[in-house]
Protein chains: 2
Amino acid sequence: MKNYIKEFRKQMHMTQANIADLCGVARQTINCVENDKYDPTLELAFKISRLLKKNLEEVFIYDSL
Amino acid sequence: MKNYIKEFRKQMHMTQANIADLCGVARQTINCVENDKYDPTLELAFKISRLLKKNLEEVFIYDSL
DNA sequence: TAAAAATGTCATATATATTGGACATTTTTA
DNA sequence: TAAAAATGTCCAATATATATGACATTTTTA
């Protein structure tokens with residue numbers, strides 16, 4: 001699983017803390033998701049994607065196999 | 001959060017147990033996700049969607065607000 | 001219409017996502 | 001070029017997704 005959170009986040013001039021606040025989670029959570037430390041909840045993945053004004057599958061890339 | 005797992009699953013003549021086996025999770029897990037008992041992991045949501053040959057956002061509908 | 005398969009559900013246990021606090025390092029800003 | 005902000009990381013605690021086993025009910029099939 002790959003993601004483009006950092007890239008899209010910077011395009012929007014947002015910080016990890018901004019995203020975290022707006023998603024209602026801790027800053028560490030966004031940091032860990034961004035750096036593939038763990039697999040987020042589907043709802044959190046949707047929240048992040050919406051904040052970045054992207055479709056979920058543009059932000060998170062699932063490589064089957 | 002709404003999902004169309006049951007509908008797409010029946011279209012493919014698959015059972016909850018089939019999906020579970022192919023996803024590598026327990027049958028109860030698929031049952032709970034299908035019935036909105038809890039929020040699946042992003043990776044599991046992707047696996048289910050791929051098995052149903054659909055995009056994730058066709059299977060899981062996130063209603064913001 | 002009885003048997004078999006599929007589903008819903010419950011209880012307990014485990015794995016892991018998420019939290020909160022704290023601090024070091026890196027990046028940005030004044 | 002120093003101060004401030006942002007990021008990465010660690011630890012311990014908590015919340016919740018997932019597992020396992022078992023059984024009742026519903027749906028499908030022979």
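Here is the naming used below: chain letters follow the sequence lines, and residue numbers restart at 1 for every chain. Keep in mind that what you see is a predicted model, and the values were worked out from it rather than measured. Computed over heavy atoms, backbone and side chain alike; hydrogens, waters and symmetry mates excluded.
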- Query: Under the 6.0 Å and 45° cation-pi test, does A:Lys2 pair with A:Tyr4?
  - Reply: yes

- Item | Carboxylate-amine/guanidinium proximity below 4.0 Å for A:Arg50 and B:Glu57 |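 Answer for the salt bridge query: yes.
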
Between [N] ([atom2]) and [X] ([atom1]): distance, integer Å:
X       : N      : atom1 : atom2 : result
A:Tyr38 : D:dT16 : OH    : P     : 14 Å
B:His13 : D:dT28 : NE2   : C1'   : 14 Å
A:Met12 : D:dA6  : CE    : C1'   : 18 Å
A:Ile30 : D:dT9  : CD1   : C1'   : 16 Å
A:Gln16 : C:dT25 : CD    : P     : 18 Å
B:Asp36 : D:dA17 : CG    : P     : 12 Å
A:Asp21 : D:dA6  : CG    : P     : 11 Å
A:Glu43 : D:dA15 : CD    : C1'   : 14 Å

- Message: On DNA chain D, compare the nucleotides closest to B:Lys10 and B:Lys37; which residue's is nearer the 5' end?
- Response: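 On the 5' side of the pair lies B:Lys37.
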
Side chain of [X] only, please: which of [options] is the nearest?
X       : options               : result
A:Thr29 : D:dA17, D:dT7, C:dT19 : C:dT19
B:Val25 : D:dA19, C:dT19, C:dT9 : D:dA19
B:Glu34 : D:dG8, C:dG8, C:dT19  : C:dG8
A:Thr41 : D:dT7, C:dA17, C:dG8  : C:dA17
A:Gln28 : D:dA6, D:dA22, D:dC10 : D:dC10
A:Asn35 : D:dG8, C:dG8, D:dA6   : D:dG8
A:Arg9  : D:dT9, D:dT7, D:dG8   : D:dT7

- Query: 5'-most contact on DNA chain C: B:Met14 or A:Leu44, nearest heavy atom basis?
  - Reply: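 This one resolves to B:Met14.
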
- If we only count heavy atoms from C-beta on, is the B:Ile61 to B:Asn3 side-chain gap below 4.5 Å?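 Contact flag for B:Ile61/B:Asn3 side chains = no.
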
- Task: Would you check if B:Phe46 and A:Leu56 make a side-chain contact, meaning some heavy-atom pair closer than 4.5 Å?
- Result: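 Heavy-atom side-chain distance check passes, below 4.5 Å.
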
Could you let me know what [N] is paired to, Watson-Crick or G-U wobble, both distances under 3.5 Å, or none if it's on its own?
N      : answer
D:dT18 : C:dA13
D:dT27 : C:dA4
C:dT18 : D:dA13

- Task: Decide yes or no, distance alone: a donor-acceptor N/O pair under 3.5 angstrom between the base of D:dG21 and the side-chain of B:Arg27.
- Result: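 No, no donor-acceptor pair under 3.5 Å.
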
- Task: Please determine which of A:Asp21, A:Thr29, A:Asn31 meets the side chain to side chain donor-acceptor pair (under 3.5 Å) test together with A:Gln16.
- Result: A:Asn31

- Short side-chain N/O contact to D:dT9 OP1/OP2 from A:Asn31, under 4.0 Å: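 For A:Asn31, the contact criterion (side-chain N or O under 4.0 Å from OP1 or OP2 of D:dT9) is not met.
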
- Determine: side-chain N/O of A:Lys6 to OP1/OP2 of C:dT27, distance under 4.0 Å, yes or no.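 For C:dT27, neither OP1 nor OP2 has a side-chain N or O of A:Lys6 closer than 4.0 Å.
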
- Task: Verify side chain to side chain contact (heavy atoms under 4.5 Å, CB included) between A:Val59 and A:Ile5, making sure each step is shown before the conclusion.
- Result: CA-CA 6 Å; A:Val59 180; A:Ile5 298 176; 3.9 Å; yes

